[in-house]
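Worksheet for the structure shown next.
Note that ligands are numbered from 1 as they come in the structure, with each ligand's atoms numbered from 1 the same way.
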Amino acid sequence: MLKGQKALVTGANSGIGKATAIALGKAGADVVVNYVAGREDAEAVVEEIASFGVRAVAHEADVSDEGQVAAMMQRTVQEFGTLDILVANAGLQRDAPVTEMTLAQWQKVLDVNLTGQFLCAREAAKEFMRRGVVPEVSRAAGKIICMSSVHQVIPWAGHVNYAASKGGVQMMMETLAQELAPKKIRVNAIAPGAIRTPINRDAWQTPDAEKDLLRLIPYERVGDPEDIAHAAVALASDLMDYVVGTTLFVDGGMTLFPGFATGG
Ligand code: NAD
């Protein structure tokens, strides 16, 4: 579905980013596997992708560092010639009640989750505009997929930095989509619900925790990273060429106000 396309996935050595990088490779794309720590995990992802007969390289960069993001884009173009798909996925949590949240905790989450996506999207957009549409490759000049969260709409006590970062991702994504659509660049987002990854291990690791979590999920299963990866492949493909500026919620119905299922 993505044969001949070049993709960059940030935070691709773990969880959703890892599954997405692998799924893009399986769909025929060459993939840059970004990581900031955990080189061995990134190399294992590269190996798995290469087994599909496409190319993959690991690249270390902190997405919140302007110079490192620019260097990562240069490396991408050097290795693959250009870029067609950016999945701005890297993200983290630094949780605390608001009265105990330090400025450093607030700033770190905004720097990685929001500024990191801005820096990667900006560099990708420059490359997409430099190259333009290549009809044999894709109808679009480029696709940007921002990894948001159900917390772009669901407030989350004890996580004000994270919820604010994802609310910011929504408006950044929609504004970039509006600005870049005339250049034939499609910008969209995926909002995962509860997906089984290291970021939220406490929420699903024990049977009691999982039971609690399932009360929030009408579809009654915790999501797998592949659920998000498949959505990313679909959004990146020309099957979704008319989808611009949309957030695709992949959440088992978490945003359907499950508390009201029994009448409220
Ligand atoms: P994860 O912890 O497994 O993966 C996060 C990745 O981001 C890791 O590879 C980490 O090293 C990387 N990262 C962190 N800071 C970075 C930086 N400065 N530069 C580059 N990479 C950096 O967690 P995950 O669940 O796979 O999270 C991926 C994305 O999905 C995040 O944006 C997260 O907010 C979002 N998300 C996850 C869930 C969920 O339930 N797991 C739900 C909604 C949204």
Minimum heavy-atom distance between Ala177 and Val187, given as atom pair plus value: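 Scanning both residues, the minimum pair turns out to be CB-O, 3.5 Å.
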Contact summary for Val45 and Val33, nearest pair of heavy atoms: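 In terms of heavy atoms, the two residues are closest at CG1-CG2, 3.9 Å.
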Step-by-step side chain to side chain donor-acceptor pair (under 3.5 Å) determination, His59 to Asn34: CA-CA 5 Å; His59 185 90; Asn34 160 254; over 6 Å; no
Protein residues having a heavy atom less than 4.0 Å from any atom of ligand 1: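 Residue list for ligand 1: Gly11, Asn13, Ser14, Gly15, Ile16, Asn34, Val36, Ala61, Asp62, Val63, Asn89, Ala90, Gly91, Leu92, Val112, Met147, Ser148, Ser149, Tyr162, Lys166, Pro192, Gly193, Ala194, Ile195, Thr197, Pro198, Ile199, Asn200.
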Candidate pair Ser148 and Met173, rule side-chain contact (heavy atoms from CB on, under 4.5 Å), full reasoning: CA-CA 9 Å; Ser148 186; Met173 180 281 285; over 6 Å; no
Side-chain donor-acceptor contact under 3.5 Å, Glu174 with Gln170: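 Glu174 vs Gln170: donor-acceptor pair found between side chains.
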Pairwise salt bridge (charged side-chain N to carboxylate O under 4.0 Å, His left out) hits with a residue in residues 28-39, at least two apart: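 Every pair satisfying salt bridge (charged side-chain N to carboxylate O under 4.0 Å, His left out) with a residue in residues 28-39: Lys6-Asp30, Arg39-Glu43.
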